[in-house]
Amino acid sequence: MEEKIISKENLLKLCSDLLKNNVDIVTPGEKGYIKIKNESEISLNSKSKHTKASFKEYVFPKSEPIIYYKKNQSDVEIIEPKVEEKTTVIFGAKPCDVRSISILSKIFNWDYKDEFFNVRSRNTVLIGMMCEYADEFCFCTSVNLSPTSSDGSDVFLVPHDENTFGVKIVTEKGADLLKPYENYLSAGNSEKTKAIEASVKQPEKVFDAEKVRQWISGNFENDYWNSIGKMCLGCAQCAFVCPVCHCFDIVDEDYNYYEGRRMKNWDGCQFDMFTKHASGHNPRDDQSKRYRQRISHKFKYYPDKFEEILCTGCGRCSRGCPVTIDIKGIVTEINELAIK
Amino acid sequence: MEVKEVITETPDTTTFRLQFKDPEVAKSFNFKAGQFGEYSVFGEGECTFCIASSPTRMEYLECSFKKYGKVTSALARLNVGDTIGLRGPYGNYFPIDEMKGKNVVFIAGGIGLAPVRCIIDNVLDLRDQFKDITIIYGARSVADLVYKNLLKEWQERKDIKTIVTVDPGGETPDWKGEIGFVPSIVEKTAPKSDNSVAIICGPPIMIKYTFPVMTKLGFREDDIITTLENRMKCGLGKCGRCNIGNVYVCKDGPVFTYTQMKELPQEF
Amino acid sequence: MDDIKTVAKELLTSGKVNAVIGYIRYGNDKRTKPFIAQKPEDVDKFVINNFILNNLAVYLTRKEVSKLGKVAVIAKGCDAKAITALIQENQIKKEDIHVIGINCNGVTKDFDIDFNSENIAGKCLNCDVRTPKLCDSLVGALADIPSGEDLKLKMIRGVEAKNAEERWDYFEDEFNKCIKCYACRQACPLCYCEQCIVDKSIPRWIESSATKRGNFSWNLIRAFHLAGRCIGCNECERACPMDIPLSLLNRKMAMIAKDEFNYDAGTDMNAPTLVGSYDLKDNEDFIE
């Protein structure tokens with residue numbers, strides 16, 4: 001992996017040039033990931049807290065049309081929308097966020113290929129940054145990630161000091177992005193990067209994901225699920241701020257009698273309506289069954305199918321939960337039950 | 001697809017005969033008995049159900065649906081000549097090749113006859129490749145029986161055994177068929193289990209009580225096959241609602257053997 | 001004054017209730033989470049402090065909780081208002097619950113911040129129910145609380161000063177952030193409908209997409225459904241992951257209910273509800 005150094009000044013120039021060249025830059029802002037208009041808005045703070053929502057929306061929008069239809073007497077005309085091929089740079093994302101794209105890519109590309117996701121992720125360049133924030137909800141190390149992991153990033157930044165950043169060029173896509181701006185980069189100092197990475201405080205590893213997976217396999221009917229089910233209020237805050245939750249709904253919306261569109265909208269497994277049949281029968285008719293699905297999907301079903309944990313340990317779901325249902329605490333408890 | 005014919009099966013169940021509007025699509029479309037489709041009424045949404053006609057009869061596709069929710073109610077309002085959308089075929093199918101040379105028992109309840117009908121017609125069109133064929137079908141009442149003409153046709157055939165039953169209290173004064181719940185009629189009929197395959201579909205309660213009867217009759221769990229339904233949206237293994245444990249009903253199903261179902265978490 | 005653990009323990013050991021809904025510390029000193037104690041020893045974890053933000057009344061109408069049988073619930077004054085409103089609206093029966101009221105010394109706006117005049121929740125500033133009106137037991141003692149600026153009221157005045165078009169744009173921008181996670185609805189003790197209007201599809205009244213139109217209709221209709229009913233606990237706004245200032249509309253509605261009809265939601269469990277009753281003297285000059 002090639003390594004370079006960039007000064008803060010040149011980094012801002014780089015962003016300014018990218019913006020001029022019609023590249024969208026998305027960065028962690030005060031309230032969430034934002035599309036910036038000016039390079040000064042760029043986030044260079046590796047100590048910042050996670051944004052409330054992840055940048056998932058930029059590759060998998062909260063609502064998007066999948067077809068437009070026009071009705072004419074008894075005939076119907078269908079128009080398929082095209083996703084714009086425009087480069088988006090996600091700048092300064094934490095390793096736990098960056099990793100989400102490759103995890104999501106598995107579900108959107110097994111069997112049928114979801115072009116809406118693929119066009120966007122193909123056009124997204126991920127500039128990750130080492131993370132120096134860890135609170136009691138963080139657990140990236142328990143899901144095989146780390147605050148210094150460049151896994152998933154195209155380019156990875158390691159702050160050497162306030163005005164200097166180590167630049168790891170991880171992928172070809174990253175190299176292609178930086179190529180026109182080579183003069184902003186100088187020779188790398190990988191020794192320093194390594195030393196800084198080694199000094200970063202790692203969240204403690206609190207569970208063994210494999211043990212958790214095995215426990216879930218044998219404990220579908222365990223009473224433990226009820227203890228969480230009665231506390232959960234059944235909203236989808238956790239799923240919607242999650243970088244890797246990907247369930248969706250499909251609904252039609254008429255503009256008027258003749259025209260409309262079919263929308264793909266985020267949906268969440270904690271909603272009672274999610275699995276309710278038209279007949280009224282609901283296979284997951286209790287909040288504990290729905291919560292069991294959430295944890296099982298993340299730590300068993302997805303790993304079984306795609307060899308990937310459906311969780312990056314960012315802790316967003318727990319920080320934002322109205323009743324502080326803490327996924328880290330729950331999975332740690334499951335780990336303890338598994339050891340017993 | 002164009003609605004070519006609307007058949008009112010029961011007060012709340014309708015069958016559509018459909019034809020592709022694009023002849024190219026019509027030529028290239030093929031499916032296997034047991035697969036399903038996503039049918040859409042534009043402006044109302046999509047709805048999931050099986051293709052009820054047999055792949056050996058490609059002149060039309062047929063689907064039957066019960067009026068329950070938004071989309072099925074909208075479908076029920078359509079007339080001949082209207083257009084609906086179809087995505088599919090999706091999912092797995094009945095193992096018809098493995099059934100060849102065996103006795104086949106079909107058991108269905110209510111609207112559950114629709115997914116079984118495609119494989120019945122499929123088998124009947126290849127009649128000489130199968131041994132004894134038994135059809136046991138029941139509904140709540142005489143009025144709730146679907147495919148009444150087909151039932152009559154099947155009952156008139158000498159080379160198959162067809163038993164039609166209604167739940168106690170659902171009979172009319174001139175009802176000549178059986179009276180009783182499907183599981184007990186199956187037990188009474190006692191189709192032979194040797195070298196046999198059973199295909200079962202109906203409401204969850206019927207399935208629940210029929211499975212033990214089948215094992216009692218000596219059917220191997222691998223030879224008891226059913227087709228499941230779950231709420232679905234994409235049909236492509238992505239939207240995340242139809243899974244039962246590791247299994248996506250839309251991809252790995254809807255057809256499952258009793259052996260497979262026993263291994264799944266009991267959440268359906 | 002009794003302490004919370006003693007009261008809760010007595011209720012459980014005597015069998016008067018099967019469960020007590022309260023708060024336990026979680027993660028750090030500046031955070032709590034709801035907890036349902038079903039065994040007497042469970043209540044040892046209970047705390048009362050300035051970080052008991054949740055309105056536990058939300059649990060009273062949940063199927064998973066009501067199947068526990070008779071429950072006791074810890075309630076701040078504002079939470080007790082929600083319980084009162086639920087009784088008024090026939091969602092729960094007074095005899096089925098035991099309210100453990102607390103003398104409340106204010107709470108923070110959010111977790112993980114210090115309790116001081118800057119961070120005190122807006123609803124606590126002019127609170128008139130620091131001792132709950134509805135309670136079967138009462139715990140804790142009143143103390144002085146920090147005063148602070150009522151920023152939400154300032155925001156309401158700011159929105160009032162806008163003209164209709166500016167107001168529309170303002171709310172459109174705010175509602176555009178909505179992702180339709182329905183955390184506002186689920187955290188609201190008075191959003192108890194078995195099937196929410198947004199989930200009804202025949203006909204579909206509110207588009208479920210998180211688009212301009214879908215978001216505007218959802219947020220506005222939810223505000224209307226709470227008109228004269230919202231007791232101002234502000235849980236919807238706290239639950240919102242997108243920081244939409246939902247309380248502006250809710251509080252403005254409550255102000256109108258007070259000014260026009262002299263009605264305070266959740267103050268009298270025997271009173272008829274505002275939208276469920278009428279008086280010949282009701283102000284009707286808004287009908288044009």
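Remember, it's a predicted structure, so these values are computed and weren't measured experimentally. Note: hydrogens, waters and symmetry copies are ignored here, and every other heavy atom, side chains too, is used. Lettering follows sequence order; numbering is per chain, from 1.
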Hey, would you say the A/F60 and A/F108 ring centroids sit under 6.0 Å apart?
yes

Based on non-hydrogen pairs under 4.5 Å, which of A/W266, A/F271, A/F240 is most in contact with chain C?
A/F240

For C/K177, which atoms come within 4.5 Å of any heavy atom of chain A: side chain, backbone, both, or neither?
both

Which region of C/C240, side chain (C-beta onward) or backbone (N, CA, C, O), has a non-hydrogen atom less than 4.5 Å from a non-hydrogen atom of chain A, or is it both or neither?
backbone

For the interface with chain A, which of C/C196, C/C184, C/A183, C/S201 has the highest count of heavy-atom pairs at distances below 4.5 Å?
C/A183

Residue part contacting chain C, namely of A/D254, when any heavy atom lies under 4.5 Å:
backbone

Which residue out of C/T211, C/D243, C/V65 racks up the most heavy-atom pairs below 4.5 Å with chain A?
C/D243

Do A/Y33 and A/D97 have side-chain atoms, one donor and one acceptor, less than 3.5 Å apart?
yes

Measuring only between side-chain heavy atoms, which start at C-beta, is A/L233 closer than 4.5 Å to C/Y59?
yes

Which region of C/C188, side chain (C-beta onward) or backbone (N, CA, C, O), has a non-hydrogen atom less than 4.5 Å from a non-hydrogen atom of chain A, or is it both or neither?
neither

What class does the angle between the rings of C/F216 and C/F175 fall in, given that below 30° is parallel, 30 to 60° is tilted and above 60° is perpendicular?
perpendicular

Against chain C, work out which of A/K264, A/K62, A/R316, A/Q287 has the most heavy-atom pairs shorter than 4.5 Å and name it.
A/K62

Per-residue contact mode, A/C232 against chain C (heavy atom under 4.5 angstrom)
backbone

Does a donor on one side chain and an acceptor on the other come within less than 3.5 Å for A/K230 and C/Q38?
yes

Partner chain C: residue of A/K31, A/K52, A/R319, A/E253 with the largest heavy-atom pair count (under 4.5 Å):
A/E253

Tell me whether A/T275 contacts the main-chain N or O of A/P283 through its side chain, where contact means a donor paired with an acceptor under 3.5 Å.
no

May I ask you to decide if C/R31's main-chain N or O and C/N28's side chain share a donor-acceptor pair within less than 3.5 Å?
yes

Options C/D110, C/I179, C/D199, C/L68, ranked by heavy-atom pairs under 4.5 Å with chain A, top entry:
C/I179

Where does C/N55 contact chain A at under 4.5 Å (heavy atoms): side chain, backbone, both or neither?
neither

Given that the side chain runs from C-beta out, which part of C/T32 has a heavy atom under 4.5 Å from chain A: side chain, backbone, both or neither?
backbone

Is A/M231 in contact with chain C via its backbone, its side chain, both, or neither, using a 4.5 Å heavy-atom distance?
both

So which of A/C235, A/S288, A/A239 has the largest heavy-atom pair count under 4.5 angstrom toward chain C?
A/C235

May I ask you to decide if the ring planes of A/Y68 and A/Y255 are parallel, tilted or perpendicular, using 30° and 60° as cut-offs?
tilted

A/V251 versus chain C, the contacting section by heavy-atom distance below 4.5 Å:
side chain

Which atoms of C/N54 are under 4.5 Å from chain A, going by heavy atoms: the side chain, the backbone, both sets, or neither?
side chain

Does a donor on one side chain and an acceptor on the other come within less than 3.5 Å for A/D326 and C/Y26?
yes

Look only at the side chain of A/K56 and the backbone of A/C245, and say whether a donor-acceptor pair between them is shorter than 3.5 Å.
yes

Distance only, no hydrogens: is a donor on one side chain within 3.5 Å (strictly under) of an acceptor on the other, for C/T61 and C/Q91?
no

